Amino acid sequence: MLKLQNSLFLLSLLCFFCVFIGDASVHEYNGEKFVSKGNAFVVHGGSEGIYSSFPDPHNVTAVGGDSYIRFEKISFRRPKEFANFSSQSIQAVVFEVEDRETIGGSAYGGQRAVCCTADLAKLGVCLEGEVIYRPSTENPTWPKVFGISFNGDEEVATLPSKSVQITKTGMYNLYFIHCDLNLRDLTVEGKTVWKNPTGYLPGRMAPLMNFYGFMSLAFVILGIFWFSQYARFWREVLPLQNCITLVITLGMLEMALWYFDYAEFNESGIRPVGITMWAVTFGTIKRTIARIIILMVSMGYGVVRPTLGGLTSKVIMLGATFFLASEVLELVENVGAVSDLSGKARLFLVLPVAILDAFFILWIFTSLSATLNKLQARRMVVKLDIYRKFTNALAVAVIVSVGWICYELYFKSNDVYNEQWQNAWIIPAFWQVLSFSLLCVICVLWAPSQNSMRYAYSDEANEDFDKDDTTLTLIQPSPTPSKDFRSAPEASPVQGGNRASNGDLEEDKTE
């Protein structure tokens with residue numbers, strides 16, 4: 001079993017459901033240009049967590065199949081006007097992240113360089129114009145360095161097809177490097193195939209395929225419970241319960257799409273853009289609607305007020321803004337993502353989503369406070385009880401979220417080189433588990449039943465509520481003597497029977 005370092009209690013629960021599988025992918029290069037890095041010119045060819053081909057006591061799942069990085073039709077192209085000389089070598093460098101210090105060096109303790117300088121060449125440690133590297137202390141045959149050079153007036157130099165066998169589990173990096181200042185506008189074309197024992201899915205993403213499979217099953221179980229209740233008491237269903245049904249349906253679609261996205265990626269090695277975009281879109285719609293529903297419930301919609309009044313446009317505007325910000329962020333993070341590099345999203349994409357989430361939380365708890373005060377003032381015991389449970393669930397979710405954000409920041413700040421790639425899947429998985437748990441709580445609190453209408457809005461019971469904002473409106477004293485104050489608002493049963501009003505009256509009488 002893989003070691004899960006720096007993990008919390010919840011992670012052990014997730015480990016019970018997820019089986020680790022080693023996979024990888026196909027990296028294509030379509031005319032990428034070399035960029036200057038120090039005294040070298042570099043193209044990043046990929047970074048992935050790869051499991052060993054052979055039995056490993058620390059990796060019980062990688063017991064069959066081959067793990068390798070295969071170079072296919074890798075060619076380097078230079079402009080015709082510069083194709084009039086023989087060049088220095090263009091090298092492919094493959095190394096495991098723990099061996100990163102074996103790449104590059106410095107003379108007399110000076111600035112570290114990737115390409116061999118004249119001073120280092122004089123010391124006899126390397127050949128001038130080539131990449132500096134020294135054998136790994138654990139495996140003298142690593143890192144793997146090989147290359148090709150231009151001869152005469154050649155415009156294209158093709159790297160011979162080659163496979164690098166992976167015999168140790170780790171995070172592997174590939175760089176194409178050259179040190180020739182005369183190779184201007186050099187580009188690379190072709191592809192590399194990164195594969196582990198069971199497929200092409202990158203190692204960091206591999207556990208997520210099984211995770212989303214189990215989450216799909218969890219949503220199906222929740223859906224069976226909810227839809228069975230919905231079918232039994234369809235005459236008692238509230239508008240809020242219709243919204244919850246929509247969220248469950250979107251959740252099923254999202255989990256299924258993510259599973260098929262990873263399954264297709266694992267089978268072909270190429271990220272299916274269409275499935276990924278649909279998975280991202282359904283997930284964003286689900287999160288947006290869920291936040292809007294929680295906000296509407298917090299405002300008392302359908303319970304203490306028939307409509308949101310003037311707040312409707314503001315809620316819609318906030319929801320639309322959150323959808324756009326989240327959709328852009330998720331598309332950038334997931335569509336076409338192949339390498340095992342976390343935190344790709346730029347700060348200006350992450351910040352808007354975080355700010356909008358904070359605004360949602362602030363507005364939700366402000367509205368909940370006002371709604372609880374109103375329910376307590378009107379002595380609506382049944383509605384007050386369910387709202388208190390709902391508030392407690394939200395408070396726990398927010399506290400856990402803040403704690404996990406702190407842990408996530410700690411995790412990423414201490415994993416600059418993605419050495420903890422085997423545990424990185426836990427970060428996105430946790431948020432899915434937390435949102436699903438909160439949805440389960442809401443489903444239990446507002447499950448369709450024969451008493452559903454007792455939670456519905458009643459004109460007689462709520463006529464004094466403020467319908468335009470979340471501030472508490474003072475209730476005028478009733479002319480009824482104080483000894484009957486508690487049941488005054490519901491003292492006279494309505495002819496024709498409003499079920500919600502009678503439900504609260506019966507609850508009050510039993511207290």
Side-chain angles (χ1 to χ4, degrees), residues 2-18 20 47 49 97 171 203-205 207-208 211-212 214-215 218 258 280 283-284 286-288 290-291 294-295 298 318 321-322 325-330 332-334 337 340-369 390-442:
L2 297 174
K3 295 181 180 179
L4 299 179
Q5 301 174 352
N6 301 325
S7 58
L8 302 178
F9 171 77
L10 179 62
L11 309 190
S12 60
L13 179 62
L14 294 176
C15 293
F16 178 79
F17 290 107
C18 293
F20 290 156
S47 297
V97 69
M171 171 63 70
R204 183 175 61 89
M205 301 179 185
L208 289 174
F211 171 77
Y212 282 116
F214 284 112
M215 286 301 298
W258 277 125
V280 166
T284 306
K286 184 199 75 174
R287 289 191 297 274
T288 302
R291 282 162 173 77
I294 292 175
L295 179 57
S298 301
L318 178 61
T321 306
F322 178 83
S326 297
E327 181 77 356
V328 171
L329 174 62
E330 293 297 323
V332 170
E333 280 284 278
N334 293 285
D340 268 342
L341 294 175
S342 59
K344 292 193 314 173
R346 298 293 181 266
L347 186 61
F348 66 87
L349 292 178
V350 176
L351 276 179
V353 178
I355 293 172
L356 290 169
D357 258 331
F359 193 84
F360 261 116
I361 293 172
L362 181 62
W363 199 355
I364 286 170
F365 279 96
T366 301
S367 301
L368 269 176
S369 177
F390 178 62
T391 303
N392 292 337
L394 282 182
V396 170
V398 170
I399 293 172
V400 172
S401 297
V402 172
W404 188 258
I405 289 173
C406 294
Y407 172 76
E408 187 174 342
L409 292 173
Y410 168 80
F411 182 91
K412 291 183 177 180
S413 64
N414 286 276
D415 190 34
V416 178
Y417 300 104
N418 291 300
E419 295 177 270
Q420 298 295 323
W421 58 275
Q422 293 170 328
N423 304 335
W425 67 276
I426 296 169
I427 300 298
F430 172 83
W431 295 112
Q432 294 288 357
V433 172
L434 181 62
S435 62
F436 178 77
S437 301
L438 185 58
L439 178 60
C440 289
V441 171
I442 292 175

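Values below: every heavy atom of this structure, side chains too, minus hydrogens, waters and symmetry copies. Keep in mind that what you see is a predicted model, and the values were worked out from it rather than measured. In this chain, residues are counted from 1 in sequence order.
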Minimum heavy-atom separation for Gly203 to Pro207, with atom names?
O-CD, 3.4 Å

Any idea which heavy atoms bring Leu356 and Ala325 closest together, and the distance?
CD1-CB, 4.1 Å

Which distance, rounded to the nearest 0.5 Å, do you find between the CZ of Arg204 and the CD1 of Ile427?
10.5 Å

Please examine the side chains of Leu434 and Trp404, heavy atoms only from C-beta on, and report whether any two atoms are closer than 4.5 Å.
no

Heavy-atom distance under 4.5 Å between the side chains of Pro428 and Leu208, does that happen here?
yes

Between Leu368 and Phe390, is there a side-chain heavy-atom distance shorter than 4.5 Å?
yes

Just how far is it from atom CZ of Arg291 to atom CZ of Phe322, taken to the nearest 0.5 Å?
3.5 Å

Atom pair NZ (Lys412) and CD (Gln420), whose distance is rounded to the nearest 0.5 Å:
14.0 Å

Looking at side-chain heavy atoms only, is the closest gap between Val328 and Leu349 below 4.5 Å?
yes

Lys286 and Ser435: which non-hydrogen atoms are nearest, and at how many Å?
NZ-OG, 4.3 Å

Tyr212 vs Trp258 aromatic rings, parallel, tilted or perpendicular, using cut-offs 30° and 60°?
parallel

For Thr284, what residues pass the side chain to side chain contact (heavy atoms under 4.5 Å, CB included) criterion, not counting sequence neighbours?
Val280, Arg287, Thr288, Phe323, Ser326, Glu327, Glu330

Do Asn423 and Phe411 have side chains that get closer than 4.5 Å, going by heavy atoms?
yes

Identify the two heavy atoms, one from Asn414 and one from Tyr410, that lie closest to each other, and give their separation to 0.1 Å.
ND2-O, 2.7 Å

For Trp421 and Asp415, the nearest pair of non-hydrogen atoms, with its separation, is N-OD2, 4.5 Å

Applying side chain to side chain contact (heavy atoms under 4.5 Å, CB included), name anything that partners Ile405, two or more places apart in sequence or on another chain.
Leu409, Trp431

State, with a plain yes or no, whether a side-chain heavy atom of Leu438 is found less than 4.5 Å away from one of Leu394.
yes

Do Phe430 and Glu408 come within less than 4.5 Å of each other through their side chains, counting heavy atoms only?
no

Closest non-hydrogen contact found for Ser298 with Ile364 is OG-CG2, 3.2 Å

Non-hydrogen side-chain atoms of Ile361 and Phe365 separated by less than 4.5 Å:
yes

